[in-house]
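Here's the structure we're looking at; comments come further down.
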Amino acid sequence: MRALMIILILFFSVQLPQADQYTPLREKMVKQQLIDRGITDKKTIDALREVPRHLFVPQDLQERAYDDSPLPIGFGQTISQPYIVALMTQVAKPGPGQKALEIGTGSGYQAAVLSQIVDSVYTIEIVPELAKDAEGLFMRLGYGNIVAKFGDGYKGWPERAPFDIIIVTAAPEDIPQPLVDQLAENGRMIIPVGDPNSYQELVLAEKKQGKIIKTRITTVRFVPFRRL
Ligand code: SAH
């Protein structure tokens, strides 16, 4: 009897993460906020369908985790709106076998989404508490291909460069040169650039034969890119 109980408990604790009470809300978010608004990349859609966004927001905001908006995560920072996470992921065109760098770990949600698609994700956060919390969450949820650290993302992560994908989730006034240098040939960087206290342009910067080609994607509003 006791052995049976243990087996049952093990069975349900293993099954739980796949379908949780938020699965219907997550499905609705994917359909209404992503697919109906033109997100078409299957890898992106599947990743946002998979990652339990409610575990990346403060507990008292879990019920709003699938709302069509950013949410506060403490320290004046925010987790981006689902559509923006999907758009940035789709435009970055991540794929298997690739290595990605994210600047601005925040809640860890964007890194978790990327980790579903690429081989490895390196992510840097400038607020020590957020860096530590995200690292703990990646461990608890079993995101073994994410490496997180505290630091100033301006400098990138030269020891791990070059990166096929770079996603920056805080807004600098100009693209940091170290990130350009650490982008691989044919690599793609997606970054909000502009006035940190107003709106910014979301820019795709591609490296082709050593040169950077920029394409404007849309207008966005991100938290300021800070320096240590
Ligand atoms: N990608 C995050 C979004 C967090 S908001 C998510 O999915 O939740 C942007 C984050 O960038 C904030 O946590 C902020 O502290 C961080 N940030 C700002 N400037 C930074 C810098 N120079 N280096 C690293 N992180 C930075």
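Reckoned from all heavy atoms, side chains included, excluding hydrogens, waters and symmetry mates. Indexing begins at 1, ligand by ligand and atom by atom, following the structure's order.
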(request) Could you tell me how the ring of Tyr122 sits relative to the ring of Trp157: parallel (under 30°), tilted (30 to 60°) or perpendicular (over 60°)? (result) perpendicular

(message) How about NZ on Lys149, more than 12 heavy atoms from neighbouring residues, nucleotides or ligands closer than 6.0 Å, or not?
(response) yes

(request) With heavy atoms of Glu102 as the reference, note each atom of ligand 1 found under 4.0 Å away. (result) 1 (N)

(request) Taking only heavy atoms of Gly151 into account, list the atoms of ligand 1 that are under 4.0 Å away from them. (result) 23 (N), 24 (C)

(message) Please confirm whether Pro172 approaches ligand 1 to less than 4.0 Å, judged on its heavy atoms.
(response) no

(message) Minimum heavy-atom separation for Lys207 and Val180, please, with both atom names.
(response) NZ-O, 2.8 Å

(request) Please report the closest heavy-atom contact between Leu228 and Asp152, naming both atoms and the distance. (result) N-OD2, 3.4 Å

(request) Give the numbers and elements of all ligand 1 atoms closer than 4.0 Å to a heavy atom of Ile103. (result) 23 (N), 24 (C)

(request) Provide the number and element of each atom of ligand 1 under 4.0 Å from a heavy atom of Leu130. (result) 13 (O)

(request) For ligand 1, indicate whether the residue Gln110 contacts it via side chain, backbone, both or neither (heavy-atom separation under 4.0 Å). (result) both

(message) I'd like to know whether ligand 1 has Arg227 as a neighbour, heavy-atom separation below 4.0 Å.
(response) no

(request) Assign the ring pair Tyr66 / His54 to parallel, tilted or perpendicular, where the plane angle (0 to 90°) is split at 30° and 60°. (result) tilted

(request) Indicate the atoms forming the closest heavy-atom contact of Lys43 with Gly95, along with that distance. (result) CE-CA, 4.1 Å

(request) May I ask you to check whether Asp152 has an N/O atom sitting below 3.5 Å from an N/O atom of ligand 1? (result) yes

(request) Number the atoms of ligand 1 from 1 as they appear, then name those within less than 4.0 Å of a heavy atom of Ser107, with their elements. (result) 6 (C), 7 (O), 8 (O)

(request) For salt bridge (Lys or Arg N to Asp or Glu O under 4.0 Å), just list the numbers for Lys31 and Asp36, CA-CA rounded to whole Å, side-chain angles, deciding distance to a tenth of an Å, and then say yes or no. (result) CA-CA 6 Å; Lys31 166 138 199 343; Asp36 290 358; 3.2 Å; yes

(message) So that I can tick it off, tell me whether Glu206 and Arg188 are bridged by a salt bridge, with the cut-off set at under 4.0 angstrom between side-chain N and carboxylate O.
(response) yes

(request) Establish, for the pair Arg53 and Tyr109, whether the NZ or CZ atom is under 6.0 angstrom from the six-membered ring centre and no further than 45 degrees off its axis. (result) yes

(message) Please determine whether any non-hydrogen atom of Gly76 lies less than 4.0 Å from an atom of ligand 1.
(response) no

(request) Under 4.0 Å from a heavy atom of Pro224: give me the atoms of ligand 1 that qualify, with their elements. (result) 18 (C)

(message) Is Thr105 close enough to touch ligand 1? Criterion: a residue heavy atom under 4.0 Å from a ligand atom.
(response) yes

(message) Closer than 4.0 Å to some heavy atom of Val127 - which atoms of ligand 1 meet that?
(response) 15 (O)

(request) Please identify which atoms of ligand 1 are closer than 4.0 Å to at least one heavy atom of Ile79. (result) 8 (O)

(request) Indicate yes or no: does an N/O atom of Gly104 lie under 3.5 Å from an N/O atom of ligand 1? (result) yes

(message) Tell me the nearest of Val57, Thr169, Ile126 to atom 26 (C) of ligand 1, using heavy-atom distances.
(response) Ile126

(request) Return yes if a side-chain donor-acceptor contact under 3.5 Å exists between Asp41 and Thr44, otherwise no. (result) yes

